[in-house]
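Positions are given from 1 along the sequence.
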Amino acid sequence: MPEHVSILQLMGVAVLALATVIWVVGLSRLLRRARTEVAVRHHGQLLRAMPHQLRSGPAAESVELTPEEHAAFAGLVRQFSDSRP
C-alpha cells in the first residue's frame with residue numbers, strides 16, 4: 001500500500017471499480033435481453049402468446065329505412081362523394 005494514499009482514497013477506487021463492474025454486467029444483460037426479444041419478434045411467436053380477443057359490447061343494431069329515407073341517404077352519400085377533391 002503506497003504511503004501517500006489514504007484509506008478513503010483506496011476505498012473510493014474500490015467502490016468505483018465495483019460500480020463499473022456492476023454497470024457492465026447490467027448493460028450486457030440488458031443488451032442480451034433486447035437481442036432475444038428482437039429474435040422472438042422476427043419469428044412471430046410474440047403475438048401467438050396473446051389470447052384471442054372476444055367481441056365485447058352491445059350487439060349490432062339495425063333499423064329498416066323507408067324508401068324515402070333510403071333515397072335521402074343515397075343523396076347525401078352522392079353529395080359528400082362529389083365534394084371530395
Which donor-acceptor pairs under 3.5 Å do side chains of residues 7-21 form with protein atoms, sequence neighbours excluded?
unit_1	atom_1	unit_2	atom_2	d
Gln9	OE1	Ser6	N	3.2
Thr20	OG1	Leu16	O	2.8

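Other residues sharing a hydrophobic cluster with Trp23 under the 4.5 Å side-chain heavy-atom criterion for ILVMFWY residues are Val24, Leu27, Leu31.
Here Glu69 pairs with Thr66 under the side chain to side chain donor-acceptor pair (under 3.5 Å) rule; sequence neighbours left out.
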